[in-house]
Amino acid sequence: MFWFSLWLFCITPVVHGESFREIVGPVSVGGVKPGGAVEVPFITWGGDVATFHANGGLKTTPGSLYNELGLDLALRPGDDFPEQVRRYLAGESPFLRGTLRMIGQASEVIGADPRTRPVIIMQMTWSAGDHIVSRGRLKTLSDLKGAKVALQRGGPHVGMLDDALRAARLTWDDIDVVWTDDLTGPNGPAELFRKDGSIDACCVISPDMLGLTGGLDEAGTGAEGTVRDARVLVSTAQMSRSIADVYACRKDWFDANRAWVEKFVAGYFKASEVVAEQRDSFEATGRGKDYLALLQKAQDIYGEDVLPTLEIDAHGLLLDCTFVGLPGNRAFFNQAGNLSGFEAKQRQALDLAVSQGYAKNRAGFFPPGWDYNAMIALADLKRTSGAGGGRIQAEGVDIFPDQAGGDENTLLSFTIQFDPNQDEFSDAVYGPEFLRAIETASTFGNAVVAIRGHSDPTKTLVDLVRAGMARRVLTRSGSSGNYRYFLEGKPLSLENTDRLIELIKGGAFDGVSDANPRETMQAALNLSRARAVAVRSAIVRYADNAGLALDASQIQPVGVGVSEPLIAKPRNLDEARENMRVEFRLVKVPAEVVNPSDFDF
């Protein structure tokens with residue numbers, strides 16, 4: 001269930017092409033005021049409910065996790081991100097709260113003074129509930145080329161769309177963006193999509209997605225307010241390593257108060273353990289007194305206009321976030337070769353900030369350099385390491401060996417060609433494709449990259465004709481190169497692949513010793529699977545040699561054989577070569593075949 005994702009719900013719009021410095025306006029950098037409660041911003045997102053739990057509310061309460069750690073916090077709404085930045089620069093708060101790419105948009109402004117250069121002190125969550133909704137004519141991410149897309153200026157979906165474009169090897173110049181002032185409501189992307197049929201897609205939060213489509217795996221019918229043929233093109237339900245929520249701290253305050261910040265982070269990790277456990281138990285049983293009290297606290301803080309109900313809206317807000325805890329932070333900041341880690345995400349954030357005009361110059365962030373083992377004792381953390389092993393349960397994945405083309409669960413596909421009898425795939429030739437597969441798997445953590453081996457049908461067709469004519473069930477007329485075939489007197493096209501496979505499997509051409517299309521077709525299937533397995537092995541080897549982190553359970557081989565030729569009846573070797581290919585297909589998988597991802601790294 002993916003219900004609410006209210007990232008930066010009321011964020012002040014950022015105008016495309018306008019620098020973040022112009023948006024923030026003139027602010028004098030000041031020192032953080034000493035003494036009293038430390039001001040910490042929060043935004044409207046499920047991950048921040050763990051902060052409420054750790055603090056006991058907006059003010060630190062006796063007996064709360066932060067109180068027991070000796071901290072005193074005053075939580076302050078931060079959905080107006082430019083205002084957050086102003087207060088951060090002026091010294092009203094030493095912290096910023098947003099997505100990593102939101103911090104990236106402000107990077108030049110906050111990085112101009114060494115005192116305010118940000119230290120990214122922790123990752124809180126990944127999003128699992130933001131969506132690109134499209135009309136039915138868009139089938140895969142590649143179809144975004146030339147599309148008109150409605151998108152909120154400066155919101156978190158800028159980063160999500162950037163990830164989708166990069167996966168499809170498209171750029172922002174390949175789409176026509178229609179910018180909106182708001183994330184949701186009458187001036188948001190969903191309403192523009194609803195009113196303007198020329199809008200091909202929109203980036204939306206879960207309530208708007210449900211209103212447009214009827215559900216994550218549904219298509220709008222036009223009834224009950226849905227838009228006919230509207231569907232989710234992609235979601236952070238699959239693109240689960242796209243939107244990273246973080247806290248940043250001013251460098252001067254971090255250096256002077258490192259122990260305080262360490263306790264703040266450790267307390268959050270502990271709170272996320274408690275909240276995730278309560279949430280999952282409530283989802284399974286529908287019961288939980290302490291959890292309902294926490295949902296009530298969230299409703300009190302955010303307001304009933306944002307969270308009208310506890311068991312649907314407030315609970316749904318938490319279902320849409322994946323807490324990463326200490327194991328996830330260890331992987332995010334320390335894991336070598338992590339393409340969804342701090343270094344990679346920082347690079348993407350700065351690339352986006354410069355390319356979209358928020359910054360002229362790149363100004364990076366500092367990692368925190370925590371001793372995570374020390375934090376375990378500091379906050380009595382229980383979730384200290386990932387579960388290990390692959391996250392995708394292979395036996396539950398259908399990677400469509402019998403379906404050609406734009407399957408509704410296909411997010412993206414690209415291919416490599418090979419020569420006859422080729423069974424080795426070198427990094428020197430195929431390295432770029434291997435890297436693309438690894439990068440895609442990293443961003444789309446809840447999807448599978450299916451490696452689908454294809455064979456050319458020529459030998460199968462030759463054996464079919466020979467066997468059919470030997471059995472006298474197949475006749476032909478015309479001249480060489482222009483034959484017409486008849487099966488028991490009825491026309492039979494050798495380009496009707498599905499019909500030919502059906503006949504072969506049904507035994508129509510069995511019984512001829514030196515021409516057995518059933519055996520030939522099976523041999524082609526075996527060869528295509530062997531090639532897919534060889535490519536998978538080459539990708540795993542490439543990742544190992546390059547020092548790149550890869551969950552090998554996401555890379556799954558399958559043999560397609562002759563069932564999906566690009567050219568059903570090749571006329572020459574060049575055309576046959578087009579059928580000899582390995583296709584990389586990014587495929588949605590059911591939630592139940594993905595092992596729980598909270599703290600699982």
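Just so it is clear, the values below take in all heavy atoms, side chains as well, and ignore hydrogens, waters and symmetry mates.
S107 has its side chain within reach of L350: a pair of non-hydrogen atoms, C-beta onward, lies under 4.5 Å apart. Counting only heavy atoms from C-beta outward, the side chains of S413 and T140 never approach each other to under 4.5 Å. Between R76 and R87 the shortest side-chain heavy-atom distance falls below 4.5 Å. The closest side-chain heavy-atom distance from L326 to I376 is below 4.5 Å. Looking at heavy atoms from C-beta onward, L548 lies in side-chain contact with L435 at the 4.5 angstrom threshold. Residues V149 and C203 are in side-chain contact: their nearest non-hydrogen atoms beyond the backbone lie under 4.5 Å apart. Residues F193 and D208 have side chains not in contact (no heavy-atom distance under 4.5 Å, counting atoms from C-beta outward). Side-chain atoms of S235 and L216, non-hydrogen and from C-beta on, do get closer than 4.5 Å to each other.
Between F342 and F332, the ring planes are perpendicular. Angles over 60° get that label, and only those under 30° would be called parallel.
Between R97 and D48 a salt bridge is recorded (basic side-chain N to carboxylate O distance below 4.0 Å). K251 and D255 are joined by a salt bridge, as a carboxylate oxygen and a charged side-chain nitrogen come within less than 4.0 angstrom of each other. Looking at R250 and E39, no side-chain N of the basic residue comes within less than 4.0 Å of a carboxylate O on the acidic one, giving no salt bridge. A salt bridge links D351 with R362: the closest approach of a Lys/Arg side-chain nitrogen to an acidic carboxylate oxygen falls below 4.0 angstrom. The pair E433-R436 does not count as a salt bridge, with every side-chain nitrogen at least 4.0 angstrom from each carboxylate oxygen.
Taking F366 as the reference, nothing meets the ring-ring contact (aromatic ring centres under 6.0 Å, His included) condition, with sequence neighbours excluded. For Y66, the ring-ring contact (aromatic ring centres under 6.0 Å, His included) partners two or more places apart in sequence, or in a different chain, are F264.
Because its NZ or CZ atom is not both nearer than 6.0 Å to the ring centre of F254 and within 45° of the ring axis, R117 does not count as a cation-pi partner of that residue.
The distance from the CZ atom of R169 to the CG atom of L141 is 12.0 Å, given to the nearest 0.5 Å. Taken to the nearest 0.5 Å, the CZ atom of F20 stands 6.5 Å off from the CE atom of M102. Rounded to the nearest 0.5 angstrom, N409 CG and D217 CG are separated by 7.5 Å. One distance of note links CG of L183 with CD of Q152; it measures 4.5 Å at 0.5 Å rounding.
For the pair S206 (side chain) and G129 (backbone), a donor-acceptor distance under 3.5 Å is present. A donor-acceptor pair under 3.5 Å is formed between the side chain of D200 and the backbone N or O of K148. The backbone N or O of D182 lies less than 3.5 Å from no partner atom in the side chain of N187, so there is not a single donor-acceptor pair. A donor-acceptor pair is defined here as one N or O able to donate and one able to accept, closer than 3.5 Å; such a pair exists between the side chain of R101 and the backbone of G159. Under a 3.5 Å cut-off, the side chain of T116 and the backbone N or O of L89 do not form any donor-acceptor pair. For the pair N257 (side chain) and W253 (backbone), a donor-acceptor distance under 3.5 Å is present. When atom types are taken as modelled, the side chain of T440 and the backbone of A167 share no donor-acceptor pair closer than 3.5 angstrom. Judged by distance alone, the side chain of S537 and the main-chain N or O of V533 form a donor-acceptor pair under 3.5 Å. Looking only at distances, a side-chain donor or acceptor of R279 sits under 3.5 Å from a matching main-chain atom of L318. Not one N or O on the side chain of K588 forms a donor-acceptor pair closer than 3.5 Å with the backbone of A237.
Residues T443 and D163 bring no donor and acceptor atom of their side chains to less than 3.5 Å of each other. Remark: the W370 side chain and the N334 side chain contain no N/O donor-acceptor pair separated by less than 3.5 Å. Side-chain N/O atoms of T125 and W45 include a donor and acceptor closer than 3.5 Å. Inspection of the R330 and N373 side chains reveals an N or O donor paired with an N or O acceptor under 3.5 Å.
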Which is it for E108 and Y358 under the side chain to side chain contact (heavy atoms under 4.5 Å, CB included) test, yes or no, and what are the steps along the way? CA-CA 8 Å; E108 187 176 52; Y358 299 110; over 6 Å; no
Working note: F42 + F52, criterion ring-ring contact (aromatic ring centres under 6.0 Å, His included); need CA distance, chi angles, decisive distance, verdict.
CA-CA 9 Å; F42 68 89; F52 303 157; 5.1 Å; yes
*Yes or no on side chain to side chain contact (heavy atoms under 4.5 Å, CB included) for H157 and H131, after CA distance, side-chain angles and deciding distance?*
CA-CA 8 Å; H157 296 152; H131 320 274; over 6 Å; no
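Counting heavy-atom neighbours within 6.0 Å of Q417 CD, excluding the residue itself, gives a total above 12.
Among F425, F414, F584, Y542, the single residue meeting the ring pair (Phe, Tyr, Trp, His ring centres under 6.0 Å) criterion with Y430 is F425.
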